[in-house]
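Let me begin by presenting the structure, written as structure tokens, before commenting on it.
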Amino acid sequence: MKTIKYQDLSDYYEAQIKKGILKTGDKMPSLRQIRSEKKISMTTAQMVYSVLESKDLIVSKPKSGYIVCSPYNHKIQLPEATNPLQKAENSRPEDAAINVYDTIDQKHIVQLSLGIPATSFLPVAALNKCIKNAVNTIDYCGVQYDPIEGNSRLRQQIAKRTLHWNGSITLEDVITTSGCIPALSYCLQSITQPGDTIAVESPVYFGILQLAKHLRLKVVELSTHPQTGINLDSLEKLLKKQEIATLVIVSNFSNPLGYCMPDDKKEKLVQLMTQYNIPLIEDDIYGDLYFGEKRPANCKTFDKEGMVLLCNSISKSLAPGYRVGWILPGKYKDKVIKTKAIQQISDTAITHQAVALYLESGKYEKHLRKLRQDLYVNYVKVTKAILEYFPDETRCTQPQGGLFLWVELDKSINAFTLYKKALQKNIAIMPGIAFSLQDQYTHCIRLSYASEWNDDVEKAIKELGILIHSMSYVK
Ligand SMILES: Cc1ncc(COP(=O)(O)O)c(C=O)c1O
């Protein structure tokens, strides 16, 4: 009797999903709900969902229950590992990156470009309260400079959060900054000289290329796998043949590839950098935005000698406009403090105090759980729309967290032309050329799934698909 019931019920839900009555991203009723509504035992309810899970029709999200997922996910072909030339470059990143910031405040543009979480995903009311309380709780109402290392209550909270990746960091190991880009900038300035060469992943976040250009650093791009990150053999070959001042990587849910470097690879990477005595700048800005069971470690977790300078901020998870970031500089602390003292002296005292109060309130974890679920649902919906509207040969990454998809189109498509055509239709995307100094990724785009999903977003992806199809015709 039981067996018939669970099969009937799983067939029923399967039909609802296939007919689109239960849509991708919808939350399934909880196990308790179906147990009482359908008058079945908990074991039967669990069996129903495990059948649906085994068919990739639903996924279990920790603390959020079960969510309908795209049955097509596994059909997407991944891009292959990249293969850039291993030579030091010191030319441009394309101006495309700058142009895309121009659309930041244009509300009529559908934003598939920037990695900024939708305001509706952020705890605005709670943060407003913290801003008010900040004025009342900070010395001199926040009109004076903070100490150079930063607000000590905030540093304490940042140190405490490192327990999530098995860090054993104290307040003394933390220097605050006005965001992650300043953090990367201070680190680069502290350990490089103009003319030095740095190594990066490829494709690489354009902000790192822009910093390198600004600081007159040459850049070597490394072969990178869309799921596991840089190729360590290529890196070792490079370290043997050439002087490298530092390696900069985004180890978790990288921008743009979305890869998450496996923990054992992170450990090997730290060992390699330590062996060659070369500092590693790690940007972990997406580490808290995981879709899986738990937060991944980072390279800093395995850093015994202080070789890793870890950069991070709240820009992707809490409030990009507050400009709150930090560095765990390892043994380069004195140099980084000197650089910050020259460049900035103090962060914005009010917002740093407000974030300290927010973290002290204990609400951050709950907010992150909700944010991760919102982002996961967006990721599934955007991926499904790509499958529906883009040409069949399209390849796309399958990130396990973060904010981006890297989409590889047919080689004949010029993604920069696509970017310009899309902008004329009020759709912002990032063309692949912004992510390399070499002539590669001309047929790739980066799409962000950080904006709230709605009909306009779906229409925009459909429109992109039409543009791509029309450009394929013009071969
Ligand atoms: C990898 C990476 N690092 C840093 C930043 C910038 O961070 P912030 O706004 O905190 O300066 C971004 C923003 O897109 C990013 O993707």
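Atoms within a ligand are numbered from 1 in the order they appear, just like the ligands themselves.
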Practice prompt. Before signing off on this row, confirm whether Val250 and ligand 1 have an N or O atom pair separated by under 3.5 Å.
Written response: no
Only residue of Leu238, Leu280, Ile198 satisfying side chain to side chain contact (heavy atoms under 4.5 Å, CB included) with Leu247 is Leu280
Tested for ring-ring contact (aromatic ring centres under 6.0 Å, His included) against Tyr379, the lone hit among Phe404, Phe253, Tyr449 is Tyr449
Could you tell me if the side chain of Trp326 sits less than 4.5 Å from the side chain of Arg155, heavy atoms only?
no
In ligand 1, the atoms that come under 4.0 Å of a heavy atom of Arg323 are 8 (P), 9 (O), 10 (O), 11 (O)
For residues Arg161 and Glu365, determine if any side-chain heavy atom of one lies less than 4.5 Å from a side-chain heavy atom of the other.
yes
Quick look: Cys180 vs ligand 1, heavy-atom contacts under 4.0 Å, and the answer is both
Ligand 1 atoms nearer than 4.0 angstrom to some heavy atom of Ser315 are 8 (P), 9 (O), 10 (O)
If we number the atoms of ligand 1 from 1 as shown, the ones under 4.0 Å from a heavy atom of Gly179 are 10 (O), 11 (O)
Looking only at protein heavy atoms, what sits closest to atom 5 (C) of ligand 1 is Tyr205 OH, 3.4 Å
Any side-chain heavy-atom pair of Leu437 and Glu221 under 4.5 Å: yes
protein heavy-atom neighbour closest to atom 16 (O) of ligand 1 works out as Tyr286 OH, 2.5 Å
Among Ile181, Asn255, Asp283, closest by heavy atom to atom 2 (C) of ligand 1 is Asp283
Here the atoms of ligand 1 under 4.0 Å from any heavy atom belonging to Ser313 are 10 (O)
Near Lys316 (heavy-atom distance under 4.0 Å), the atoms of ligand 1 are 12 (C), 13 (C), 14 (O)
ring-ring contact (aromatic ring centres under 6.0 Å, His included) filter on Tyr441, not counting sequence neighbours, yields Trp406
NZ or CZ of Arg295 within 45° of Tyr290 ring axis and under 6.0 Å = no
